[in-house]
Structure formats: C-alpha cells, structure tokens
Number of protein chains: 2
Amino acid sequence: MATIKDVAARAGVSQSTVHYALNGKRSISDSVRQRVIAVVAELDYSASALGQRLRQSRSYSIGMIAPQLPTWDASSMEMLMSTSATAGAAHHSMAIFVGQSADQTVQLLRNQTVDGLILIETTHNDPRIEALREGKYPFVLLGRTENLTGLTSVDFDFEQAVFVALENLVKLGHRRIGLIAPEPSTLENRYYVQRGIERAQATYDFVATSVFEGQRLNVEDGYRITEKLLTLEPNVTAIFAAGHSHVGVLRSLYSHNIRVPDDCSVIGITTAQVAEWSIPKLTSVDIPLFDMSQIATKLLLKKLAGEEICEQILAPAKLVTRESTAAPKNT
Amino acid sequence: MATIKDVAARAGVSQSTVHYALNGKRSISDSVRQRVIAVVAELDYSASALGQRLRQSRSYSIGMIAPQLPTWDASSMEMLMSTSATAGAAHHSMAIFVGQSADQTVQLLRNQTVDGLILIETTHNDPRIEALREGKYPFVLLGRTENLTGLTSVDFDFEQAVFVALENLVKLGHRRIGLIAPEPSTLENRYYVQRGIERAQATYDFVATSVFEGQRLNVEDGYRITEKLLTLEPNVTAIFAAGHSHVGVLRSLYSHNIRVPDDCSVIGITTAQVAEWSIPKLTSVDIPLFDMSQIATKLLLKKLAGEEICEQILAPAKLVTRESTAAPKNT
DNA sequence: CTGTTAGCGCTTTCAT
DNA sequence: ATGAAAGCGCTAACAG
C-alpha cells in the first residue's frame with residue numbers, strides 16, 4: 001500500500017503538500033495539485049485511517065451497546081440501520097457490542113475503541129450508565145429508559161401512546177376492554193404505561209379487565225395472558241397489548257376462532273414494520289424508532305464535536321389505524 | 001489519559017518492560033511486574049487501541065456490508081448479533097455499513113477502516129465481489145448468493161429446503177398444492193428453489209398450481225399472489241411460500257376466513273424466530289442464520305490470521321413442524 | 001505557496 | 001531480565 005510518503009517522493013513535494021493538496025486546507029498552486037492528484041491515482045493512494053486516527057486521537061467510530069439476549073426483532077434493525085447510516089454520513093463508522101458488562105462498556109471509551117456510545121434498552125439504575133457518567137464519557141440513551149438529569153436521551157412518549165390507544169378504542173365504541181401490560185412499577189417506561197392507563201380511565205368511561213404481569217412482554221406472554229383474560233372476561237370487545245404481546249394476543253384469538261377486528265379489536269404499540277407484519281395488520285401507536293435513532297446519533301455526533309449537550313427528547317405518539325380495529329359488533 | 005510512557009516513568013522502568021509485563025511475552029521479574037501492575041492501577045492505564053492498531057497495521061475490526069434498503073427483519077438481527085459476538089470473542093469489533101457502492105466497499109479495506117468484510121444479500125455478478133476479488137482482500141459471503149470458485153461462502157441449501165418442504169406436504173396427504181416462488185432464473189438461489197420444486201415434482205405425485213413472480217418475495221407479494229392463486233385454484237389444500245411471502249399468504253387466507261391449517265396448510269422457509277412470530281406459528285424449513293453467520297465470521301477471522309481459506313459451506317435444511325400444517329380435511 | 005519537523009501511543013528489534 | 005530506539009502513517013504547528 002502506498003503511503004503519503006510515497007506520494008510525496010514520487011511527486012517531488014513534501015508530505016504536507018500532499019496532505020493539503022488532498023484536503024484543501026491551505027492554498028496549493030494548481031500545477032502542484034494536478035501533479036499530486038496524478039500521482040495519487042497512479043499509486044492508488046488512499047490515506048490510512050489508522051494513521052489519521054492515532055494522530056487525531058479519535059477513533060471516528062461510535063458504539064452501540066446492546067443488552068445480553070433480548071427479543072431481537074425487526075424494530076432493532078431500524079435502530080441499527082438508522083444509526084449506521086447517520087454515523088456514516090458524518091464519516092464515522094458504527095460498531096455493535098452485545099452483552100458487555102459495565103466495565104467492558106467503559107473500557108471501549110477508555111481505550112479509544114470508540115469515541116462515544118449509544119445505549120439501548122437501559123434499565124433503572126443501570127450500572128453502565130453510572131460508570132459512564134462518572135467518567136464523563138460522551139453517550140446518549142435511546143429508547144425505553146429511565147430519565148436521569150444531566151443525561152442526553154431520546155425516548156418515546158409511552159404515557160401518551162397508551163392514552164391515545166385507549167382513547168381510540170373508546171371512540172370506536174368499545175366499553176369492555178382488556179388491558180395487557182407489565183406490572184405497575186415506578187421504574188422505566190412501565191411507569192408511564194400505567195400512567196397512560198390511569199389517565200384514560202379518568203377521562204373515559206369503560207370497563208377495564210386488566211392483567212398486569214411481567215416486565216417486558218414478549219409474544220408468549222401475550223398468548224398466555226390472553227388465554228387468562230378470555231377466562232376472566234369472555235365479553236371483551238377490544239384488547240390493548242403492550243410490548244410485543246400483540247403477536248401472542250392475535251395468536252390466542254386465532255386459536256379460539258375469534259375474528260379480528262369483527263369479534264374483537266386489538267391495538268398495540270410498536271414500530272410500523274412490525275405492525276405491517278402481523279395478521280391482520282395491527283392498528284398501533286407507531287414508535288418512530290428510525291427517526292429517534294437518527295436524532296440520538298446526531299446528538300452524539302454533536303457531543304463528539306465538542307458541543308455541550310444535555311437534552312431529553314420525547315418522540316410524540318401517533319396512532320395509525322390498520323386492520324385490527326373496528327367498532328364493536330353490537331353497538 | 002495515562003499512556004504507557006507515563007506508566008513506565010512512574011514505575012521507573014522502560015516502556016518495553018511495561019508492555020511485556022502487561023502482555024507476558026517475555027519473562028519479567030516478579031518484583032517489577034508487581035510494581036507495574038500497581039502503577040497501572042494507580043494511573044488507571046489502559047492501552048490505547050489507536051496506537052496498537054497503527055503499530056500493527058491492523059484495525060481489529062471487521063465490516064458487515066448490507067444492501068441498500070431490503071426488507072430488514074428479525075432474521076437480519078440474527079446475523080448481526082452472531083457476527084458481533086463471534087468477532088468480539090476474538091478481540092475484533094464489528095461495524096455495519098449500509099448501501100455502500102463497490103468503490104466505497106473496497107475503500108473500507110484499502111484505507112484500513114476494517115481488516116475484512118462479510119457480504120450479505122449479494123447478487124449475481126455483484127460488482128462489489130468483483131472489485132474485492134481483484135484486490136485480493138479478505139472477505140466472506142453470507143447467505144443467499146451465487147457460487148463462484150475461489151471465494152469463501154456460507155450458504156443455505158435452498159434446493160434441499162424446498163424439496164423437504166414439499167415432501168412434507170405430500171406425506172401429510174396433500175395433492176393439490178399452491179406454489180409461490182420467484183420467477184425461474186439461473187441466478188442466485190432462485191435457481192435452487194426451482195430445482196427443489198422440479199425434484200419434488202419428479203419424485204412425488206401432486207398437482208401444483210404455481211405462481212412464479214418477482215425476484216425476492218416480500219409480504220405484500222405473498223398477499224397479492226395468494227389472492228391470485230385462490231382464483232386460479234380455490235381447492236388447494238396447502239401452500240408453499242418462498243421468502244417472506246408466507247406472512248402475506250397467511251394474511252390473505254385470514255381475510256378469506258380460510259383456517260390454517262384446518263382448511264389449508266402453509267409451509268415456508270425462514271428463520272425460527274420469524275416462524276414463531278407468525279400467526280399461527282409457521283411450519284418451516286428453518287434457516288440456521290445464527291450458526292451460519294458464526295461460521296462465516298470464524299472463516300473470515302482465520303483468513304485475517306493468515307490462513308489460506310477457500311471453502312463453500314452449505315448449511316443443511318431441517319424441517320420444523322409448528323402450527324401451520326396438518327393433513328388435508330377430506331383425505 | 002511550500003517545506004521541515006515533531007509527535008500521536010504503541011510494539012518490537014536490537015543491544016546489553 | 002531489562003532498556004534504548006526505531007517507526008507504523010498521518011496531521012499540524014512552525015518556519016520560510
């Protein structure tokens with residue numbers, strides 16, 4: 001591989017001239033520039049990122065820290081693609097790190113493997129956050145997370161999402177609604193889900209049959225809880241499903257030959273792509289994960305550029321009606 | 001940040017002593033080692049990856065090249081997680097690059113941003129492959145891809161997968177089967193899908209109603225084609241769905257209130273996770289994408305370690321019966 | 001407008 | 001068992 005030295009020698013100029021000819025940060029005579037360009041082409045020269053990085057003490061890459069083994073789904077891809085593209089546009093690369101301990105996470109910054117981090121799926125009192133905060137390292141939280149002052153985060157307005165979802169069901173005419181959500185807690189977004197439910201109940205008149213179980217609801221949770229719900233109150237005309245439980249809800253209803261939305265409406269909170277893959281297509285308060293990730297990445301890049309940033313962004317909830325909701329039959 | 005120089009000065013030894021004390025590649029007296037370790041702890045020293053990388057002319061990171069804007073789904077996550085974890089275990093980080101041109105792809109290797117690449121979703125005569133091959137850069141192909149000699153690739157046995165899927169339907173008693181697959185072609189895995197169909201037809205006795213359209217079938221394709229199929233032959237008792245079309249197939253059947261598997265069986269080829277998310281759970285020939293990615297990554301790492309490798313690996317097809325298949329009603 | 005030079009932090013050869 | 005010194009490839013301050 002040709003180095004800048006080779007180019008300089010071949011072109012009969014100094015290294016700095018080659019450098020500036022290629023980066024245009026100081027004026028270079030046209031003749032010299034032409035010559036340099038020619039030699040660069042001839043030797044197939046390309047500046048080594050390794051040399052640049054050491055010299056500038058910047059890795060020009062950001063890390064995405066993913067938890068151990070969550071339910072990886074299509075929505076995670078949105079985050080990754082969005083982050084990668086946004087970082088790439090700013091000449092940074094994005095690396096993924098799975099299941100790192102707090103120590104390992106900090107280590108990535110300390111040894112300059114990455115310049116900054118985006119943390120996803122963080123939990124309350126996450127040891128990684130505390131470790132990073134102490135070291136004053138640049139990082140941004142993305143997605144479901146506790147809200148701590150002094151931190152930069154991009155989150156989704158779950159409280160509003162839940163409220164909007166229930167409001168929609170009520171306005172369609174539903175009065176007996178099944179509620180599937182994580183058990184109440186003051187931690188993380190579960191708190192906001194409960195707040196949304198409470199606000200809807202205070203605002204509208206409907207009978208809720210609630211099953212609040214677990215912390216992060218997956219598909220099987222949805223199935224199991226729906227079976228339980230149908231025993232508790234077989235006459236629900238609509239079900240609100242938090243997390244990924246909606247897939248299990250739909251499967252349970254399918255096995256009972258309860259038609260959606262004819263016999264029972266289902267509404268959830270998820271990303272557009274996941275909603276489009278469900279059967280039938282799920283009416284949902286869509287989480288704009290792609291945009292959120294882009295915002296988070298841009299904030300991190302700004303931090304890396306030296307800007308002092310401390311912002312908590314809350315993406316708004318917007319309902320998208322698809323195929324899984326309708327007015328109840330006997331209205 | 002403390003550097004190795006600082007540690008050496010504080011411990012009253014040379015840089016190389018610090019280095020070897022920390023890396024154990026030459027004998028160090030116990031007393032010196034203790035002292036160095038103590039100073040390292042005291043100064044909170046950690047070797048900068050930037051310095052190491054330049055010195056060793058290795059970026060210690062591998063790149064994953066993803067195409068422009070495909071249907072990103074949960075199965076893609078399997079590849080990323082698997083690759084990231086495998087690379088991480090070998091002290092490499094993994095970066096994702098989306099929608100790079102052939103030039104940009106080669107550039108990543110030329111300027112040492114990464115040491116090697118894993119290419120996914122490659123197409124026939126992919127310009128990126130040609131560019132990389134010329135430069136003799138280390139890379140491995142993963143997933144659906146053409147088979148070119150001299151290259152290292154990890155692929156799935158689609159022909160066998162299709163055969164096994166159809167065989168399963170026939171053995172369940174199905175004789176009128178709907179076939180949804182990409183249009184015939186000598187290119188890529190589409191070729192193998194057709195080969196599998198032909199082999200099944202030569203081996204078993206069943207009436208196929210085929211709709212071969214498009215190149216990579218997505219959810220909407222599946223929906224549209226199923227609607228067409230039901231017009232062509234309303235009496236199919238089972239449907240084979242290639243690619244991601246099975247989701248559309250199930251949705252179409254749902255809208256017609258055709259019960260799965262009671263009125264019609266559905267079988268597909270996808271990853272376990274995607275199959276588990278469908279309604280009902282899809283009987284499928286599972287693509288072991290997690291394992292395949294791990295193998296691909298290990299092969300790449302071996303290449304980076306200097307081994308001469310040229311291997312085409314084909315992951316075997318294994319059918320997993322879930323909820324979407326059963327014997328036909330009026331057998 | 002161009003050249004000289006120092007040095008980023010590390011690894012490794014050579015010397016003792 | 002340890003130290004001195006070179007140098008990976010680049011950028012940028014300084015000098016002209």
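The structure presented is a predicted model; accordingly, all values stated were derived computationally and were not measured. Order of the sequence lines sets the chain letters (A, B, ...), proteins ahead of strands, with each chain counted from 1.
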Report yes if a side-chain nitrogen or oxygen of S29(A) is closer than 4.0 Å to either non-bridging phosphate oxygen (OP1 or OP2) of dC1(C); otherwise report no.
no
Side chains of [X] and [Y]: does their closest heavy-atom pair fall under 4.5 Å?
| X | Y | value |
| --- | --- | --- |
| M79(B) | L142(B) | yes |
| R110(A) | Y137(A) | yes |
| I96(B) | I96(A) | yes |

Spacing between Y60(B) atom OH and dC10(C) atom P, to the nearest angstrom
14 Å
Given atom CG of D6(B) and atom P of dC8(C), what is their separation to the nearest angstrom?
10 Å
So if I define the base as every atom that isn't primed, P, OP1 or OP2, how would nucleotides 7-16 of chain D read as a B/S/- string at a heavy-atom cutoff under 4.0 Å?
BBBBBB-B--
Taking atom types as modelled, find out whether N111(B) and T113(B) have a side-chain donor-acceptor pair closer than 3.5 angstrom.
yes
Indicate whether the side chain of Q112(A) and that of S48(B) have a donor and an acceptor atom separated by less than 3.5 Å.
yes
